[in-house]
Amino acid sequence: LMSESIREWVRLFSMVMVYLLVMQLKDRMSPQRLVTILLLSLVGPLTAAAMQTFLPVSVLPSVLVWDGGFNFEAGVRINGTLGHPATFATFTVLFLGLAYWKLTQSFNKLPWLLLLGAMAFFLVTSKSLTGLSMMVVFTFFMIVPRLSVKNALGGIALVALVFVLAGSSEFGQERFR
């Protein structure tokens, strides 16, 4: 019960905490540097997510195997190191936004595109409807300020690709029913 409560609070307030941190350090540190430092917190959860994706469940430590306790088999969904796939998905969407901002600010776009692709892959692999819904809202608000036919089509294609990838597995099809 306590772990579920902590998980929900972290999920609800992680984006607010990042905003408050940025505002507190506004005059002391540049936003670019702060976001770069925040992006270092991706190392642990994405490493664990990669292990959960590419290694068999029998090799993983028990802390990295989400058994779900519901109708899900162990090893079906990834959770990074955050205890629940939906928490990991929320964390990933937050950092998708930060990485997208870094992409728009940098001259060398390839590393940021690779990071965005990896995070999108892990978001889909978490099989969290919460995360996918947040991704749709994020994409909408990312497109609206620069609304054009090209951006709208790109956003629709991105959302469609995410939902096609999420629904391509038997588990994903069950989640969408």
Side-chain angles (χ1 to χ4, degrees), residues 4 7-8 10-12 14-15 18 35 38-61 63-104 109-144 150-177:
E4 290 179 28
R7 181 187 78 219
E8 290 302 317
V10 167
R11 221 166 99 186
L12 291 172
S14 61
M15 294 177 198
V18 169
V35 169
L38 284 172
L39 286 169
L40 290 175
S41 69
L42 281 171
V43 173
L46 291 186
T47 301
M51 290 170 55
Q52 291 169 339
T53 302
F54 301 115
L55 295 177
V57 176
S58 59
V59 177
L60 294 173
V63 73
L64 292 182
V65 178
W66 186 74
D67 62 6
F70 304 107
N71 299 327
F72 310 121
E73 298 176 18
V76 173
R77 300 171 78 182
I78 63 168
N79 60 19
T81 56
L82 300 171
H84 191 274
T87 305
F88 175 72
T90 302
F91 178 82
T92 305
V93 170
L94 167 66
F95 282 95
L96 274 166
L98 293 176
Y100 177 75
W101 180 76
K102 286 291 283 187
L103 173 74
T104 62
K109 298 190 182 308
L110 183 62
W112 300 111
L113 287 171
L114 292 174
L115 180 62
L116 284 169
M119 285 191 294
F121 171 76
F122 289 127
L123 175 65
V124 170
T125 310
S126 73
K127 296 180 174 106
S128 167
L129 290 180
T130 302
L132 295 177
S133 301
M134 290 176 72
M135 180 67 184
V136 170
V137 172
F138 170 73
T139 303
F140 175 76
F141 283 106
M142 182 178 70
I143 291 171
V144 167
K150 179 182 170 185
N151 287 345
L153 291 176
I156 290 169
L158 174 68
V159 169
L161 177 66
V162 166
F163 277 98
V164 165
L165 288 174
S168 65
S169 70
E170 198 173 301
F171 180 82
Q173 292 167 3
E174 278 295 316
R175 296 281 291 166
F176 285 135
R177 287 186 194 163

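Note that these values count all heavy atoms, side chains included, but never hydrogens, waters or copies made by symmetry.
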Spatial distance of atom NZ (Lys109) from atom CG (Leu103) [nearest 0.5 Å]: 5.0 Å

Which class fits the ring pair Phe122 and Phe88: parallel under 30°, tilted 30 to 60°, perpendicular over 60°? perpendicular

Can you find a heavy atom in the side chain of [X] that is under 4.5 Å from one in the side chain of [Y]?
X	Y	value
Leu39	Trp112	yes
Pro45	Phe91	yes
Leu115	Leu46	yes

To check you understand the geometry: which heavy-atom pair defines the closest contact between [X] and [Y], and what is its length?
X	Y	value
Met135	Val93	N-CG2, 4.3 Å
Gly131	Ala89	CA-CB, 3.6 Å
Leu96	Ala120	CD2-N, 4.2 Å

Leu123 and Met134: CA distance, side-chain angles, deciding distance, side chain to side chain contact (heavy atoms under 4.5 Å, CB included) verdict: CA-CA 10 Å; Leu123 175 65; Met134 290 176 72; over 6 Å; no

